[in-house]
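Structure first, commentary second.
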Number of protein chains: 2
Amino acid sequence: MSAPALTKNQALVFDVLEKADGPLSAYTILDKLRDHGFRAPLQVYRALEKLLEYGVVHRLESINSFVACAHPGENCHSHGIVAFAICESCSQVMEFHDHEVDHRLMDWTRGKKFKAEKTTIEIRGLCEACAA
Amino acid sequence: MSAPALTKNQALVFDVLEKADGPLSAYTILDKLRDHGFRAPLQVYRALEKLLEYGVVHRLESINSFVACAHPGENCHSHGIVAFAICESCSQVMEFHDHEVDHRLMDWTRGKKFKAEKTTIEIRGLCEACAA
DNA sequence: TCGCACACGTTATAGCATAACGCAATTGAT
DNA sequence: ATCAATTGCGTTATGCTATAACGTGTGCGA
């Protein structure tokens, strides 16, 4: 599950996300890549699908957007559950990991014999700068 | 923020959600209410907006669906963060609360001076029955 | 009675995501 | 080297999710 060499489209999409200073929607990515020959949403979604699989991009379910992983180089999947704090004013995203939270959730799922595949933790609110 | 008497539309939408045995999308709710005079998505979305505000319905961000709160009568907002386990096979949803998780996340946000407004915790996977 | 807030209805539109088809390039086992 | 399988890619069309903008009616307090 570690990242193989990216294809051209995957690299383009990843590059856009990495240079962005916040999460982007698939259609925003599409617009940014029209000059590079992108014409259709599927070109973006297909690349995103792979980047998510490789763990170098995250999907923010609560805002239908995507963001480059904050740990370039490493495989984020190995850090346990990823949590995000999303500022609703400036849309900056902070990514963090808390093993104690992972542990509590895993305890719960084990107790219920629930087989967890993918866990989403997203905190929406205001970052320090915007809350002032 | 506790629930006042529901309007006609709000009651209809809530009733559909309560009788359903799993989360429903807004458009599914719309279809179920066509016989009651519903014609447009906004009729559903406006009712849902209020029901969410009253804390009697939850939105599942990761599957763009809505579910009646598992604690009829009580105000769910007072239980702290709500977490969900969603079975991707039978789409049953289990709702739970874990104060230790709340605590860890609040510690993190406090440390970052992030003002949390709304937190989403959703675990997708397979329930005990479906995993067998 | 006037003004305001709110629920509601309707039409139109915006935004997000995938199905289905076909072609080209790559890989890898024989 | 060759053929089959896989993967990526491009295109068109479509479906699902959500909101904007406008207008109507109703209840209620100043």
Side-chain angles (χ1 to χ4, degrees), chain A residues 1-17 20 22-54 56-67 86 88 91 118 120 122 124, chain B residues 1-17 20 22-54 56-67 86 88 91 118 120 122 124:
Chain A
M1 194 71 79
S2 78
L6 300 182
T7 67
K8 182 160 165 292
N9 284 3
Q10 289 161 17
L12 286 167
V13 169
F14 182 65
D15 196 54
V16 166
L17 281 175
L24 301 177
S25 76
Y27 277 72
T28 301
I29 296 170
L30 173 58
D31 286 339
K32 286 180 182 291
L33 287 175
R34 290 204 189 275
D35 293 345
H36 294 267
F38 274 47
R39 313 289 312 277
L42 260 193
Q43 293 173 282
V44 176
Y45 281 108
R46 288 204 274 230
L48 285 171
E49 185 180 11
K50 287 301 180 181
L51 295 171
L52 289 167
E53 187 182 318
Y54 302 152
V56 297
V57 162
H58 300 293
R59 177 195 183 92
L60 300 176
E61 309 276 5
S62 64
I63 56 173
N64 296 314
S65 295
F66 303 85
V67 70
I86 306 165
E88 294 185 308
S91 83
K118 174 85 172 68
T120 296
E122 297 177 15
R124 291 182 303 299
Chain B
M1 195 71 81
S2 79
L6 300 183
T7 67
K8 181 160 166 292
N9 284 4
Q10 288 161 18
L12 286 167
V13 169
F14 182 64
D15 195 54
V16 166
L17 281 175
L24 301 177
S25 76
Y27 280 74
T28 302
I29 296 170
L30 173 58
D31 286 339
K32 287 179 181 291
L33 288 176
R34 290 205 187 273
D35 293 346
H36 291 78
F38 274 47
R39 314 289 311 277
L42 260 193
Q43 295 174 282
V44 176
Y45 281 108
R46 288 205 275 232
L48 285 172
E49 185 180 11
K50 288 300 180 184
L51 295 171
L52 291 167
E53 187 182 317
Y54 302 153
V56 297
V57 161
H58 300 293
R59 175 195 187 91
L60 301 175
E61 308 277 4
S62 64
I63 56 173
N64 297 314
S65 294
F66 303 86
V67 70
I86 306 165
E88 296 185 306
S91 84
K118 176 83 172 70
T120 297
E122 296 176 16
R124 290 182 303 300

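Within every chain, numbering begins at 1; the chains are lettered A, B, ... in the order of the sequence lines, protein sequences first and strands thereafter.
Here the closest non-hydrogen pair linking B:Ser62 and B:Ile86 is OG-CD1, 3.9 Å. The nearest pair of heavy atoms linking B:Ser91 to B:Pro23 is O-CD, 3.0 Å. Between A:Leu51 and A:Gln10, the closest heavy-atom pair is CD1-O, 3.7 Å. Nearest heavy-atom pair across B:Val13 and B:Val44 is CG2-CA, 4.5 Å. Of all heavy-atom pairs between B:Leu48 and B:Ala26, the closest is CD1-CB, 4.2 Å. Shown here for A:Leu30 and A:Pro41, the closest heavy-atom pair between the two residues is CD2-N, 3.9 Å.
Phosphate contact (OP1/OP2 of D:dC9, side-chain N/O of A:Thr7, threshold under 4.0 Å): present.
Within residues 41-51 of chain A, the residues approaching DNA chain D are A:Leu42, A:Gln43, A:Arg46, A:Lys50, by heavy-atom distance under 4.0 Å.
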Take A:Asn64 and A:Arg59 through the side-chain contact (heavy atoms from CB on, under 4.5 Å) test and state the conclusion after the steps.
-> CA-CA 7 Å; A:Asn64 296 314; A:Arg59 177 195 183 92; 4.1 Å; yes
Working for side-chain contact (heavy atoms from CB on, under 4.5 Å), residues A:Arg46 and A:Asn9 = CA-CA 9 Å; A:Arg46 288 204 274 230; A:Asn9 284 3; over 6 Å; no
Does the pair B:Lys32 and B:Ile29 meet the rule for a side-chain contact (heavy atoms from CB on, under 4.5 Å), with working shown?
-> CA-CA 5 Å; B:Lys32 287 179 181 291; B:Ile29 296 170; 5.7 Å; no
Mind running salt bridge (charged side-chain N to carboxylate O under 4.0 Å, His left out) on A:Lys50 and A:Glu53 for me, showing each step along the way?
-> CA-CA 5 Å; A:Lys50 287 301 180 181; A:Glu53 187 182 318; 3.6 Å; yes
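Nearest-nucleotide mapping onto DNA chain D: of A:Arg39 and B:Tyr27, the residue sitting toward the 5' end is A:Arg39.
Nucleotides of DNA chain C with any atom under 4.0 Å from a heavy atom of chain A span, from 5' to 3', C:dC16 to C:dA20.
Ion pairing of A:Arg124 with B:Glu61 is present here, as a side-chain N (NZ or NE/NH1/NH2) and a carboxylate O approach within less than 4.0 Å.
Spacing between atom CG of B:Asn64 and atom C1' of D:dT19 amounts to 14 Å, rounded to whole angstrom units. B:Arg59 has its CZ atom 10 Å from the P atom of D:dT17, to the nearest Å. One atom, CD of B:Glu61, and another, P of D:dT17, lie 14 Å apart when rounded to the nearest Å. Look at CG on A:Leu30: it is 14 Å from P on D:dT12, rounded to the nearest Å.
Axis deviation across the helix from C:dT1-D:dA30 to C:dT30-D:dA1 amounts to 30°, comparing end segments of five pairs, rounded to 10 degrees.
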